[in-house]
2 protein chains.
Amino acid sequence: MRRIERRDTDAALSLHSKVFEQLKNDILVGKYKQGESLNELKLSDEMGVSRTPIREAFRQLEREDLVTYTPNIGVVVRGFSAEDILDIYQVRLLIEGMTARRAAENITTELLNEMEETLELEKFYTLKGDAQQISMLDSRFHEAIYNASQSRMLIKTLKTMHHYVKHIRNISLSNPERAKNTYEEHKAIYEAILNRDRELAEILTEQHIRNASEYIEKHPLLSKTVD
Amino acid sequence: MRRIERRDTDAALSLHSKVFEQLKNDILVGKYKQGESLNELKLSDEMGVSRTPIREAFRQLEREDLVTYTPNIGVVVRGFSAEDILDIYQVRLLIEGMTARRAAENITTELLNEMEETLELEKFYTLKGDAQQISMLDSRFHEAIYNASQSRMLIKTLKTMHHYVKHIRNISLSNPERAKNTYEEHKAIYEAILNRDRELAEILTEQHIRNASEYIEKHPLLSKTVD
DNA sequence: ATTTTTATCATTGTATACAATAATACAAAC
DNA sequence: GTTTGTATTATTGTATACAATGATAAAAAT
């Protein structure tokens, strides 16, 4: 039983936001399995909060497509399948290239610095072999590109998919060779964006996604259903 | 033990769902303008419900990117700009073609019938010149393709964008010539999917989006900020 | 034994009460 | 006049109470 507590560091966040993050994570790591229905009273008891923030989190999970909701019955977990993962990479392949192109056009110096710093840290932890940190930095790198694209729809779409991607990445980046390749590919993309080379940024990004996708397809843990 | 089935005719929507639909619509038609903050108590008073369903609707609007939320302060309307509209059509151009391709591969007879019926009605109302109905049927046509694609991410992404698109369509389809062209283009796409011609379905859909986009760009009402 | 009905319980839906935080107005200090 | 501090008010955040609906089990009817 995990209780949600207010600490000084996250005092700004409201309970319903924390409940949302918690439930999202729990679903993604498989604590709640596909088809399982979530009970408001039980959850509020476990988390030490009332039903109100639980319900508000449910409405968010519903919009993020992580649960399905039926009036007077409640929410059941959707989880995601191997097909969903392939789906995500197909869609990413389609739109992340364009996002990188837009980033090359519109990126601010602030975000360029953010990317540079992220890359340096990524290099450091890749040498060190810290998969957890690498995965986190990978996310930061990609999100910087999303934000740089200046496209509201691309940002929203990619960020929504991203919480699925993060989960997958945790597995694929535990392979040191894939981690090293990822760093090299990121570096090349960064330089293309730095040089405002739209065409190259797009091509390299597409290749990067394709590589990640191919790695996943042949990975035994990920080619099977993940719920 | 008798199995109890839930018919979809007895919609019995919960209040928070209705509040969500209402607020979404109000934002899209411009009742609440960009930057305007939404007051829970005021809204619950106006709508004759308590704050609870209002807040739950807020959490949904937040996830749909229609408002921005700040803890302890509340939500403010995001609205959408001319750039956002161009954004939407650029992203649609990128992914609806692929969606149609997938639909051609995976569509069920049930959805084919749905498309056919939609098209017939569209023809009827186009001749009649009922812009309201045409717009609704246009949405139905595209959503049938989304659903046929069997891709969870494509469905989610496109449907999320779709509520913006619907609003734009209401304006562009009031032009009888554009309405007629739209019908012809839909019919061609339908036949490509019916014949399981992936390539053609993709190409025609891309062209269809491109046409719609071009019409919008030169439309005086839509080339300016719409909030 | 099976089905139907009825009663009971569990769970969700909504309203309201209270707590915590932010916004505002006003007064005091400089 | 501007700024700072403080009291007041408005608004959001959460918990709880009650209502409505669905699920379940027992009883009655066939």
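Letters A, B, ... mirror the listed sequences (proteins, then strands); counts begin at 1. None of these values were measured; they are calculated from a predicted model.
Rounded to whole angstrom, the span from the NZ atom of K42(B) across to the C1' atom of dT12(D) amounts to 16 Å. Atom CD in E36(B) sits roughly 14 Å away from atom P in dT11(D) (whole-Å rounding). To the nearest angstrom, C1' of dT21(C) lies 15 Å from CG of L13(A). In this structure, I54(B) atom CD1 and dT11(D) atom P are separated by 14 Å, rounded to whole Å.
At dA15(D), one or more side-chain N or O atoms of S50(A) fall inside 4.0 Å of OP1 or OP2 (strictly under the cut-off).
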ring-ring contact (aromatic ring centres under 6.0 Å, His included) between H219(B) and Y215(B), intermediate numbers included: CA-CA 6 Å; H219(B) 195 288; Y215(B) 181 81; 5.7 Å; yes
Footprint string (nucleotides 8-13 of chain C, 5' to 3'): B base within contact, S backbone only, - free, heavy atoms under 4.0 Å: ---SBB
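Checked against the 6.0 Å centroid criterion, the rings of H16(B) and Y69(A) qualify as a close aromatic pair. Aromatic ring centroids of H162(A) and H167(A) lie 6.0 Å or more apart.
In the model, K166(A) has no side-chain atom that pairs as donor or acceptor with a side-chain atom of N25(A) under 3.5 Å. Side-chain N/O atoms of E96(A) and Y146(A) include a donor and acceptor closer than 3.5 Å.
Classification of the H142(A)-H186(A) ring pair by plane angle, with boundaries at 30° and 60°, yields perpendicular.
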